[in-house]
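Read the structure below first, then the notes.
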Amino acid sequence: MEKNIIKYIKDGLETIYKAETENISVAVERTREGIDGDFTVVVFPYTKLSKKKPEDTAKDLGVFIKQRFEDISSYNVIKGFLNLKMTQEYWIQRLNNLVKEKSHKNDSPAQRIMIEFSSPNTNKPLHLGHIRNNLLGDAVSRIISAAGNEVIKVNLINDRGIHICKSMLAWMKWGKNSTPKSTNQKGDKFVGDYYVLFDKNYKEQIAELVESGLTEDQAKEQAPLMLQAREILQKWESGDHEVRRVWEMMNSWVYEGFEETYKNLGIEFDKLYYESSTYLHGKELVKTGLEKGIFTQDPDNSVWIDLTNEGLDRKILLRSDGTTVYMTQDLGTAFQRFEEYNPDKMIYVVGNEQDYHFKVLKKIVEKFDKDYASRIEHLSYGMVELPEGKMKSREGTVVDADDLMSEMIENAKKISQENGKINDLPDEEKDKIIKMIALGALKYYIIKVDPKKQMTFNPNESIDFTGNTGPFIQYTHARICSILRNAEKQKIKFNGKVSDETRLLDCEVKLISSLTEYEGIIIESAKKHDPGMIANYIYDLVKDFNQFYHEHSILKEKDTKILQFRLQLSLQIANTIKTGMNLLGIEVPEVM
RNA sequence: GGUCUAGUAGCUCAGCUGGAUAGAGCAACGGCCUUCUAAGCCGUAGGUCUCAGGUUCGAAUCCUGACUAGAUCACCA
């Protein structure tokens, strides 16, 4: 963070104690609230070098660094903590530099990174779990890109397999040729209903079979509906005309529905992959894998890989009937992507229920190509659960993505009307802002929690619009915009340059200090694939600003140097809020 | 049973590459709108950081073990 301080501390250790500092890492942190200082160096680790008490070591270093480093105005020592206070000029410099630093962008992208996320099945509509996936994938993409990399966002649409065959079968049996149009339904919802219908009848059949003496497992295997669904899958794979026709038609309905949902969520992709066109690639790989002796074939023709020596299990790659499984397809897709784009990294945003799958995938890829395997990363995130437990599409206990969004919009509208600040705007403008707020609330709510943690969502408690929320941050942005508008109205000339002689308050220094941390937070967040870090950072910044705002007037400030400074500070904070929130996929309004 | 992940205020979550007195929000209570947007600000109350050991000058943070919850170990995806 503060490279110079680290450098001078190391110099100090070398000159005063004749120590080797090559392998020593110096920890510089922001000084704790309520203690005089801007930065703190923890000197406990150096008492071994100094052979002195922590206090004396800190004093030695304090004297040394104060002498060498003119940006330090004073220091104090509390126990083993050396607190450094920087000069006002230093902080003003930092603020002025913020504007410059942003202008020269990163020269060339550091890495090419492919991110796969969303990856829906085409048999049912998107729900809250998908929303977390999409928001996470989208935000991580934006952040990694902002950290100076080339990002390719891809979506692997799982458009084939037993699940869609179930919907197809149900529609062929009971659909009576109805369509989303004829029933006036969104396409994905329409198809999803048949999936549920399949499951309902399937369960009945299982119950009957169990009644007649079969075990549950046997019943599941032998239920006529399941056998028929399997038959459709085989027909699909052998290219049966009628099956393919129905498949294409039903998928197209689903895509129309998805498109609408993605659009509302503000999610876009650079490339779509369809499993129906990548799974054959996997089949090819199975063949070469067999030739190379990576895979083995059982007497019933099924193909396996034995990973028991690696602490994993035996995993199937081709069923005895020759059809492919998930792993086969993922394998094929992975190689296809490496060959096509040669990314330095390939990140899969997939729920933690598939941790094992990706462990196995990586191992298998490793058998083919060690280098590819090392570039694969699984960004695993926790499931979204309801207070009652897991969401289950088949049982209809899901929070539907579209429903949730429109509910948020309704709530935002209500609150906005009550507050009445944008009631006079044209409807179009108003709707845009309301949608911004509604989605801001939803997105921030989901993104602020650590991806790897499981989260519970209570549909009965609507998502807040006050406190640590998206709208609070959006509101602060609008507030700053309002101040800047008023400055203009009052004909206050804002020249964008802050004088070195401006006297700063502690809370102002704190705000500048926070602003300077922004770039580092992005890098860190990109490295950790954790958008939550940025959410927390912005929240802290915004909270501090609001406190400052309430205690000190900006436009009424008589001292023009301070006035200029505060305008610049506010503007920079607004910019940081805006760009930071954009990295989370959240837009911020200028009025609300 | 094996493996993985998590356990912090009543609730939802920060803090976890070890550092000073563990922080927010929601909910509760009390204040602040003739002053730049009250979706805001200030204050009160709320804690054995699941438990037990260990490493260390120092542990919510690292290690080990228990307990609790979830995931996973399919010719599902």
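Throughout, a chain's letter reflects where its sequence line sits, starting with A, and its residues are numbered from 1.
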Separation of [X] atom [atom1] from [N] atom [atom2], in whole Å?
X: A:Gln564; N: B:rC36; atom1: CD; atom2: C1'; answer: 16 Å
X: A:Lys558; N: B:rC36; atom1: NZ; atom2: C1'; answer: 13 Å
X: A:His378; N: B:rU5; atom1: NE2; atom2: P; answer: 13 Å
X: A:Gln474; N: B:rG40; atom1: CD; atom2: C1'; answer: 15 Å
X: A:Ile422; N: B:rA39; atom1: CD1; atom2: C1'; answer: 12 Å
X: A:Glu461; N: B:rG10; atom1: CD; atom2: P; answer: 16 Å
X: A:Leu425; N: B:rU37; atom1: CG; atom2: C1'; answer: 13 Å

query = Is a side-chain N or O of A:His477 found less than 3.5 angstrom from the main chain of A:Pro589, in a donor-acceptor match?
reply = yes

ask   = Ignoring hydrogens and geometry, is there a side-chain-to-backbone donor-acceptor pair from A:Gln474 to A:Met436 under 3.5 Å?
value = yes

key: Pairwise P distance, B:rA77 and B:rA60 [rounded to whole Å]   = 47 Å

inquiry  = Would you measure the distance from the P atom in B:rU8 across to the matching atom in B:rU44 and give it in whole Å?
reply    = 25 Å

Report, one line per pair, each donor and acceptor closer than 3.5 Å where one atom sits in a side chain of residues 32-39 of chain A; sequence neighbours left out.
unit_1	atom_1	unit_2	atom_2	d
A:Glu33	OE1	A:Lys510	NZ	3.3
A:Asp38	OD2	A:Met86	N	2.8
A:Asp38	OD2	A:Trp91	NE1	3.0

According to salt bridge (Lys or Arg N to Asp or Glu O under 4.0 Å), who are the partners of [X], at least two apart in sequence or on a separate chain?
X: A:Glu508; value: A:Arg566
X: A:Arg314; value: A:Asp298
X: A:Lys561; value: A:Glu501
X: A:Glu590; value: none

inquiry  = Please compare A:Asn486 and A:Thr456 by the position of their nearest nucleotide in RNA chain B and report the one closer to 5'.
reply    = A:Thr456

note = Expected string for nucleotides 71-77 of chain B under the B/S/- scheme (protein heavy atoms, under 4.0 Å, primed atoms plus P, OP1, OP2 as sugar-phosphate) is SSS-BSB

query = In the 5'-to-3' direction, what one-character label does each nucleotide of nucleotides 14-26 of chain B receive under the scheme B = base within less than 4.0 Å of a protein heavy atom, S = sugar-phosphate only, - = no such atom?
reply = S-B--BBS-SSSS

Dump every N/O contact between nucleotides 54-56 of chain B and the protein below 3.5 Å, one line per pair.
none

query = Parallel under 30°, tilted from 30 to 60°, perpendicular over 60°: which one fits the rings of A:Trp236 and A:Trp247?
reply = perpendicular

inquiry  = Would the base of B:rU37 count as contacting A:Lys421 through its side chain, where contact means a donor and an acceptor less than 3.5 Å apart?
reply    = yes

query = A:Met592 has a side chain; which of B:rU37, B:rU35, B:rA39 sits nearest to it?
reply = B:rA39

Output side-chain donor-acceptor pairs under 3.5 Å for residues 43-53 of chain A, partner residues at least two apart or in another chain, one line each.
unit_1	atom_1	unit_2	atom_2	d
A:Thr47	OG1	A:Phe44	O	2.8
A:Ser50	OG	A:Tyr46	O	3.4
A:Ser50	OG	A:Thr47	O	3.4
A:Ser50	OG	A:Lys52	N	3.2
A:Ser50	OG	A:Thr57	OG1	2.8
A:Lys52	NZ	A:Asp60	OD2	2.7

task = Can you tell me which stems involve RNA chain B, if a stem is defined as three or more consecutive Watson-Crick or G-U wobble pairs, both distances under 3.5 Å?
result = B:1-7 with B:67-73, B:10-13 with B:23-26, B:28-32 with B:40-44, B:50-54 with B:62-66

message = Taking 4.0 Å as the cut-off, does a side-chain nitrogen or oxygen of A:Gln547 come that near to OP1 or OP2 on B:rC42?
response = yes

ask   = So, is A:Lys359 close to the B:rU3 phosphate, meaning a side-chain N or O under 4.0 Å from OP1 or OP2?
value = no

ask   = Can you list the residues that meet the side chain to side chain contact (heavy atoms under 4.5 Å, CB included) rule with A:Val325, with sequence neighbours excluded?
value = A:Ile316, A:Arg319, A:Met327, A:Thr328

ask   = Does B:rC33 sit syn or anti, given that only angles within 90° of 0 count as syn?
value = syn

key: Sole residue of A:Val42, A:Ile5, A:Ile6 in side chain to side chain contact (heavy atoms under 4.5 Å, CB included) with A:Val26   = A:Ile6

query = If you count the non-hydrogen atoms of other residues, nucleotides and ligands that lie under 6.0 Å from CD in A:Gln564, is the total more than 12?
reply = yes

query = With a 3.5 Å cut-off and no angle check, do the side chains of A:Ser167 and A:Asn123 form a donor-acceptor pair?
reply = no

task = Measure the shortest side-chain to side-chain distance between A:Leu567 and A:Leu555 over non-hydrogen atoms and say whether it is less than 4.5 angstrom.
result = yes

Show me the donor-acceptor pairs, under 3.5 Å and distance only, between side chains in residues 440-460 of chain A and residues at least two apart or in other chains.
unit_1	atom_1	unit_2	atom_2	d
A:Lys443	NZ	A:Leu265	O	2.8
A:Lys443	NZ	A:Gly585	O	2.7
A:Tyr444	OH	A:Asn468	OD1	2.6
A:Tyr444	OH	A:Ala535	O	3.4
A:Lys448	NZ	A:Asn468	O	3.2
A:Asp450	OD1	A:Lys452	N	3.2
A:Asp450	OD2	A:Lys452	NZ	3.4
A:Asn458	OD1	A:Asn460	N	3.0
A:Asn458	ND2	A:Glu461	OE2	3.4

